[in-house]
Amino acid sequence: TVAVASNFARTATEIAARFTARTGHQTHIIAASTGKLYAQIINGAPYDVLLAADAERPRLLEEAGLGVAGTRFAYAFGTLVLWSRDPAVATVGCREQLLHLGKKHLAIANPETAPYGVAAREFLLDAGLWEQVRPRLVLGENILQTLQFVASGNASLGLIAQSQTGIPALPSPTCEWVVPTRTYSPLEQQAILLQRAADKKAASAFLNYLRGPAGREQIAGHGYLLPD
Amino acid sequence: MFETTSMGPLLLSIRLATTTTLVLLIIATPLAWWLAHTTSRWKPGIQATVALPIVLPPTVIGFYLLIVLGPYGTIGRWWVEVTGDALTFSFTGLVIASCIYSLPFAVQPLQVAFQSLDRRDVEAARTLGASPLDAFFSVAAPLSAHGFLNAIVLSFAHTLGEFGVVLMVGGNIPGETRVISIAIYDHVESLDYAAAHQMSALLLAFAFVVLLSMFVINRRLSRR
Amino acid sequence: MFETTSMGPLLLSIRLATTTTLVLLIIATPLAWWLAHTTSRWKPGIQATVALPIVLPPTVIGFYLLIVLGPYGTIGRWWVEVTGDALTFSFTGLVIASCIYSLPFAVQPLQVAFQSLDRRDVEAARTLGASPLDAFFSVAAPLSAHGFLNAIVLSFAHTLGEFGVVLMVGGNIPGETRVISIAIYDHVESLDYAAAHQMSALLLAFAFVVLLSMFVINRRLSRR
Amino acid sequence: MSTNTTTTGTRASIAMRYVLSRADFELDVDLEIPMRGITGVFGESGAGKTSLLRCIAGLEQPSSGRLVVDGNVWQDTASRRSLPVHQRAIGYVFQEPRLFSHLTVHRNLDYGRRRAPERAVNVDFEQIVALLGLESMLQRMPDALSGGEAQRVSIARALLCEPRFVLMDEPLAALDKARKAEILQFLDRLHAELSVPIIYVSHNIGEISALCDQLLVMQRGRVIADGDLQSVLMRTDLPALAGEEAGSVVVAKVASYDAEYGLTCVRFSGGELFVSGRHEPGSELRVRIRANDVSLCRVRPTGTTILNILPAVVEAVHPDAEATVLVRLSLGSDFLTARITRRSSVELNLQAGDEVFAQIKSVAVRKIGVEPGK
Amino acid sequence: MSTNTTTTGTRASIAMRYVLSRADFELDVDLEIPMRGITGVFGESGAGKTSLLRCIAGLEQPSSGRLVVDGNVWQDTASRRSLPVHQRAIGYVFQEPRLFSHLTVHRNLDYGRRRAPERAVNVDFEQIVALLGLESMLQRMPDALSGGEAQRVSIARALLCEPRFVLMDEPLAALDKARKAEILQFLDRLHAELSVPIIYVSHNIGEISALCDQLLVMQRGRVIADGDLQSVLMRTDLPALAGEEAGSVVVAKVASYDAEYGLTCVRFSGGELFVSGRHEPGSELRVRIRANDVSLCRVRPTGTTILNILPAVVEAVHPDAEATVLVRLSLGSDFLTARITRRSSVELNLQAGDEVFAQIKSVAVRKIGVEPGK
Ligand SMILES: Nc1ncnc2c1ncn2[C@@H]1O[C@H](COP(=O)(O)OP(=O)(O)OP(=O)(O)O)[C@@H](O)[C@H]1O
Ligand SMILES: Nc1ncnc2c1ncn2[C@@H]1O[C@H](COP(=O)(O)OP(=O)(O)OP(=O)(O)O)[C@@H](O)[C@H]1O
Ligand SMILES: [Mg+2]
Ligand SMILES: [Mg+2]
């Protein structure tokens, strides 16, 4: 059983399918926000592996002894994209529109709960736009909700994960601008083997697969940067 | 600033819950009255439709409302044309969403109360010169006081606790759409359990006081 | 396998909602009866307490239940000692959580119905040889049929649509705790809108049919 | 009061025509009630008395119907007109009290009064409260009243809304005799002083004859007799009236009052009668004489405690129950009915045209009420 | 029936002592009612009649009380015992019908019957339904009944639960005279045949005297008179009874039946009386004679339609209302009361010891009921 941060759920499902096909091990993907999964794990959730959306919570689990020490590793890095489907933005370009939001909204993930939110805030601070756009911000519970805000057109612009831009159901964007990675601290996503699965072969095998070339290829295919 | 304390979201929640409850009473009272007295064959269908919002997960309702109320949705587009403002990420949008979400909780207690009214009391009022509306306010409504109380309690409490819909439609904007339920949720998500406990306690204490005073009033009324 | 289709989560939801509704009826009926008839000074306090679960966001209730029912919580530890099984992430745990969450929706309509009963009908039944329990089942309950109906509809629908609590306490385990509301949520989250729409439609259609048939039955009963 | 088929109605009358169908029952009436005095509606259980009142009040939707009050059309199903209930200026006293349980007695009484349009005749709150004996319960809630107390409040409430006329559905059934007599007296005075017409439903022919000026008798949804009280009570062909309550009513003028014995002497076309109690000389009284209280003698009896002995002529002898007959007597221009055993009628060989003496126990003579103003 | 202070109770009696306090009202009774026949409870509105019945049924919690039925202690607040309502084998007919609105008439009737413990005496469903005229409404819902119809169903329902005794709270107030008479007759037969004792509350002394064997009179929460019907009705000191319904009851034996005139001749200690209708020779009847129906003569009248003329001796003359007096007469070992005008009593100079003739209109003689079995 793999507990996956919801932003990685799509990718994880594909990886798990491939993994099962290759190894014959059954996998269940449980998707929820990293915060929820964490609360559940410390209260005895029957999960074997956690694919978190940050580095913080795997670390806390390892310290608490709920994660198997030394099994923690970064499996992907997220990238921010400035995205819009607003026809008005097409002519100006995303980056420029950011300077002239007017009454329009900019959707970002909540910096207090979501790593992508933290990154978005860092980027905006770096660009010196934070104070200016702040009144126009709408906060998604997580990066997926942020996408829903822009994708439904309710927010004109959104800072979303690049991994999301490949989603087939998404309407075609009027602009897409990849935020330079230097403007925010890396969106490191860590995985950890949980204590209750310390002896489960399948769990370790899954982590190894994730770390292996086949896994990496799939991760990269979904718009994530890979750890070195 | 408000958003850093827990009072801001709480006050916003109270404002939202109060507005929603008032709007709901205005909508639900005639609807419940109609449902209680109609002999139309559509009655069960309409009852079932009114109850449907309970069935969907709030986040999912929120998702659909986001689409419908958004600038590309039917209602949202019309609203923008008429008012020039967007419905989503605004307090108005929140009120609309909350009303839809909590409608059944206002309609059901009222309908039950209206149905258990003794038709003969209204008849007596009519013969004493009360118009149907007058008879409603002077006889039917006071005799359904417990129904109104329950409708108010359920709508108010449900809106206070609402979160999925509000988060989606409101966009968690501090001071505008960041209600206390979202604030608590954020604290849980960000592992700030101490703040979450504190806010929960605040919300519970407030809700308890409100509910308690309503039930005490109800008791007084029914004793009189 | 179930979890790949939408039927599995739906069936699980139905099982959960049915179980919860039954358990709630058993708990809520005596509680509502007591609340309707007591003259205790604690009555408003207990009423307010019963209504409190509505006030907290489901996820937050789920969070607290997770703590209380979990292996380190008071109830959870006791449960593990007695049964050897964990409460959380199990169907039983889900039922308990749902019951707590939906309790007010079962208690309130019943209490209103019981309060609007004519005491004299029960008196008549008693003088005709019915014990208090007998009088309850043969007179008070049928005369409160609409209250039971509403309690059932609200509890059932609310449990179907419940999601925050279930997700927290149940943990989204396919075939065991992955109910349809979570499944829909997952699809929305993973932007699989087509699947989300389809599942929502299925859930709504099912709920509509269930609600409709309950209201039709109610209409028959009250017409008779 | 006359049965008609056009329901045109005149000033000072309530004309109605109603057809109302139910599963087991059809109400079908066409009648005109004068807009004065008290009109009794008598009939056995299920005859449709309540249904008729409900139609008049607008609480029942008849399949066809027309109601003309004082020349104003209140309802006409043909032209799809129907005044809503609250615009019909009626007072309705229901079979059960129907007090508003959330209001005190005082506020129950105020309910209709506050909503009454201003009319010429004002009803005095204090007076009605006093007459119905409600002073001590004004601040109570209806729950804490006994059955009779509640009904008194409900009568007062209906009277206080200043109605054009009042519908009363067996309002006294729940009251004890003393209270009943008191309220009967009050109703009597009320309609004389305020000239509020009353339509009064009752099973109790005693109550009706003590109170009403007109009477209509219903059976299975139809009006089988209507007219002024005297003439309907004199009819011997009505099974509903065939009980012991048959009797007659005469109008008499007060001649003198004997203070020593507390007796009033009244004069009518048939002679003089003694009536208990003091009445104003010169005023008119209606006197009800029950057929059961009249006995006949061939010769004037002497040395008897019966004060009222009047010469009369036998008009006809009608069969009554198995052992009794009803004898119709003429005294001057008035008529009396006597119920005697068949055996007595045979033994005395009573024939039409015979001259006899009618003995009426003076205590059985009843003062009925002041004749309404005009 | 006697007032006692120990409330020990005997076999075949209902002994009770109750104190119940309310805001404006205190019920305080201590009495024993024989476990046979019909006991009337008479009193004005608010006297506490309903409250008393509710105490007996266990629906009211008195501050102090004891109830012993047939020697079994049903309630004793001193020892904190109280049989719950449903275990008290009583039938209760409430002032209003209280039918279960969710059940058909038939299932309403079955409600108590199904819950009745098996007893020796079985009540016949068909018989009771027929007697109360309910055949045509068995499948209806209570909503579709008129007030009188509903009350009849409720009487039947109480009788069908095979009670040890029945409490009736003005069950006939909503009924018309004919139906009332019919049910009165039925109740009469019922208690004779099944010997189900009945405690019968009514405002209507006529109803009570037509039905009851014993009578208790209540006023402001207290019992001011109790005893057998004859003796209580003879009392001239009870304001509640001072209305026109004063009278007396004698027990008479049927002597013969005259088929030609439909008259029965009955004999009692004071002589012979003619009663309407056929009664079985040899059987005993109770005959009620209203004070209003009795007039007095110094000499035996002749040529009169009054059949019943009996020699009597004046025992006493009591003041009554302003214009009337009550004359107590002895006839053999029985007593009669006559109400005559004061003027007549003065004119005839009636004194205790005078020999007079009492004229009683035979149609005013009422057969009251078969004396219960033993
Ligand atoms: N709501 C109803 N639905 C169907 N039938 C009804 C309804 N109300 C009354 N009836 C029937 O209509 C007939 C007339 O009823 P109504 O109440 O007018 O009689 P009533 O003369 O007032 O009798 P009562 O003296 O017993 O009150 C009865 O046969 C009764 O069964
Ligand atoms: N629930 C109550 N609370 C307070 N007082 C009450 C209540 N019920 C009755 N009373 C009072 O108790 C007294 C006795 O009432 P009860 O009903 O026994 O009278 P009753 O003799 O049956 O009168 P009626 O002939 O009018 O039915 C009355 O003064 C009444 O006002
Ligand atoms: Mg009626
Ligand atoms: Mg009473």
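Values below: every heavy atom of this structure, side chains too, minus hydrogens, waters and symmetry copies. Chain naming here is simple, since letters A, B, ... match the order of the sequence lines and numbering starts at 1 in each.
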J.: With a 4.5 angstrom heavy-atom cut-off, which part of C/D118 approaches chain E: side chain, backbone, both or neither?
T.: neither
J.: Rounded at 0.5 Å granularity, tell me how far OG1 in C/T127 sits from CZ in E/R157.
T.: 7.0 Å
J.: Taking the side chain as every heavy atom from C-beta outward, state whether C/L128 and E/R115 have any pair of such atoms under 4.5 Å apart.
T.: no
J.: Show the nearest heavy-atom pair for residues C/V139 and E/Y111, with the distance to one decimal.
T.: CG2-OH, 3.5 Å
J.: Given a strict heavy-atom distance threshold of 4.5 Å, which part of E/L167 is in contact with chain C: side chain, backbone, both, or neither?
T.: neither
J.: Closest approach of E/H86 and C/P132, non-hydrogen atoms and distance?
T.: CE1-CD, 3.6 Å
J.: Answer whether the closest heavy-atom distance between the side chains of E/F94 and C/E123 falls below 4.5 Å.
T.: yes
J.: Using modelled atom types and a 3.5 Å cut-off, is there a donor and acceptor pairing between side-chain atoms of E/H102 and backbone atoms of C/S138?
T.: yes
J.: Need one label for E/Q87: side chain, backbone, both or neither, based on atoms under 4.5 Å from any heavy atom in chain C.
T.: neither
